[in-house]
Peer 1: 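My questions will all concern the structure given below.
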Amino acid sequence: MSDPSRQGGPDNYTLEGTDGVDTELLARDVVHLTWDLKGLNSCAIDVRGRVSYTDFVIVCTATADRHVQAIARHVMNSLGAAGFDSLGSEGLDSGNWALVDFGDVVLHIFNGEARREYDLERVWVDAPKLEFEDAPKDLYGHFELQQF
């Protein structure tokens, strides 16, 4: 398991022998990138060993359709500049939900209503979540339901 105090960056997204990318570090960086544009209640769900298609599911909330799109593009552009391109994306045109697939890390960005409707945290209620000691307090605890 990676050291949570390590900072990510382009050097961490290169293949390291047969182990590949440090997916926990990548997941942490994706959450940090959502904070850059004030993504709310961002969480990283560790689904390693539970599914075969990814290691981490990141969920965050945006306040408007354009905010959904801006966060998705910011994460894609930032990681792309570091040499780590997404495998694909969905929902960027609709605005109320977007998915960005980085392979072992999948980012879901919802508006508040869509996040409540899809409720991915409930799907993975038994899966551990990464802890973020540096989480900006002003970006957490929003909405009536504190589950996010």
Peer 1: For G39 versus I71, what's the shortest heavy-atom pair and its separation?
Peer 2: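 Scanning both residues completely, I find the closest heavy atoms to be CA-CD1, 3.7 Å.
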Peer 1: With rounding to the nearest 0.5 Å, note down the distance linking CZ in F110 to CD in E117.
Peer 2: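 Going from the CZ atom of F110 to the CD atom of E117 covers 9.0 Å.
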Peer 1: Just how far is it from atom CG of N41 to atom OG1 of T61, taken to the nearest 0.5 Å?
Peer 2: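 The OG1 atom of T61 is 5.5 Å from CG of N41, to the nearest 0.5 Å.
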Peer 1: Please check if V100 and V59 belong to a single hydrophobic cluster, counting links between Ile, Leu, Val, Met, Phe, Trp and Tyr side chain heavy atoms closer than 4.5 Å.
Peer 2: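 No, no single cluster joins them.
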Peer 1: List, one per line, each side-chain donor-acceptor pair under 3.5 Å for residues 49-58, sequence neighbours excluded.
Peer 2:
unit_1, atom_1, unit_2, atom_2, d
R50, NH2, D126, O, 3.1
T54, OG1, F56, O, 3.3
T54, OG1, G103, O, 3.1
T54, OG1, D104, O, 3.0
T54, OG1, V105, N, 3.3
D55, OD2, T23, OG1, 3.0

Peer 1: Do NZ/NE/NH1/NH2 and the carboxylate oxygens of E121 and K129 come within less than 4.0 Å?
Peer 2: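 K129 and E121: not salt-bridged.
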Peer 1: Please assess E24 against R48 for the test side chain to side chain contact (heavy atoms under 4.5 Å, CB included), listing each intermediate value before the final yes or no.
Peer 2: CA-CA 10 Å; E24 182 177 328; R48 291 178 285 194; 3.7 Å; yes
Peer 1: May I ask whether V106 and V30 are part of the same hydrophobic cluster, defined by side-chain heavy atoms of I, L, V, M, F, W, Y residues being less than 4.5 angstrom apart, directly or through others?
Peer 2: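 No: no chain of side-chain contacts under 4.5 Å links V106 to V30.
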Peer 1: Not counting sequence neighbours, list each pair that qualifies as a side-chain hydrogen bond (donor to acceptor under 3.5 Å, both in side chains) and has a residue in residues 81-96.
Peer 2: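 Residue pairs passing side-chain hydrogen bond (donor to acceptor under 3.5 Å, both in side chains), neighbours aside: S94-N96.
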Peer 1: What distance do H74 atom NE2 and Q69 atom CD have between them, rounded to the nearest 0.5 Å?
Peer 2: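 If I round to the nearest 0.5 Å, the distance is 15.5 Å.
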Peer 1: Would L40 end up clustered with L130 when hydrophobic side chains under 4.5 Å apart are linked, directly or stepwise?
Peer 2: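 Yes, one cluster joins them.
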Peer 1: How far does CG of D119 sit from CH2 of W124, to the nearest 0.5 angstrom?
Peer 2: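 With rounding to 0.5 Å, CG (D119) is 13.0 Å from CH2 (W124).
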Peer 1: Decide whether H67 and N111 meet the rule of one side-chain donor and one side-chain acceptor closer than 3.5 Å.
Peer 2: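 No, no side-chain donor-acceptor contact under 3.5 Å.
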Peer 1: Angle class for the F132/H32 ring planes (parallel below 30°, perpendicular above 60°, tilted otherwise)?
Peer 2: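 Aromatic pair F132/H32 classed perpendicular.
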Peer 1: In the structure I gave you, are the side-chain heavy atoms of S42 and L139 within less than 4.5 Å of one another anywhere?
Peer 2: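 Side chain of S42 against side chain of L139, heavy atoms only: no contact under 4.5 Å found.
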Peer 1: Do F102 and V75 touch side chain to side chain, with heavy atoms closer than 4.5 Å?
Peer 2: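 They are in side-chain contact.
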Peer 1: Same cluster or not: are V123 and L107 linked, directly or through other Ile, Leu, Val, Met, Phe, Trp or Tyr residues, by side-chain heavy atoms under 4.5 angstrom apart?
Peer 2: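 As far as the 4.5 Å side-chain criterion goes, L107 and V123 are not connected within one cluster.
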Peer 1: Here's a test for you: under side-chain contact (heavy atoms from CB on, under 4.5 Å), which of L37, V31, L33 qualifies with W35?
Peer 2: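 Single side-chain contact (heavy atoms from CB on, under 4.5 Å) partner of W35 among L37, V31, L33: V31.
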Peer 1: Say you draw a straight line from CZ of R73 to CD1 of I109; how long is it, rounded to the nearest 0.5 Å?
Peer 2: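 The distance works out to 10.0 Å.
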Peer 1: In this structure, would L99 and I45 fall into the same cluster of hydrophobic residues linked by side-chain contacts under 4.5 Å?
Peer 2: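 Cluster IDs for L99 and I45 match.
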Peer 1: With rounding to the nearest 0.5 angstrom, report the CZ to CG distance, F84 to D29.
Peer 2: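 Interatomic distance, F84 CZ to D29 CG, rounded to 0.5 Å: 10.5 Å.
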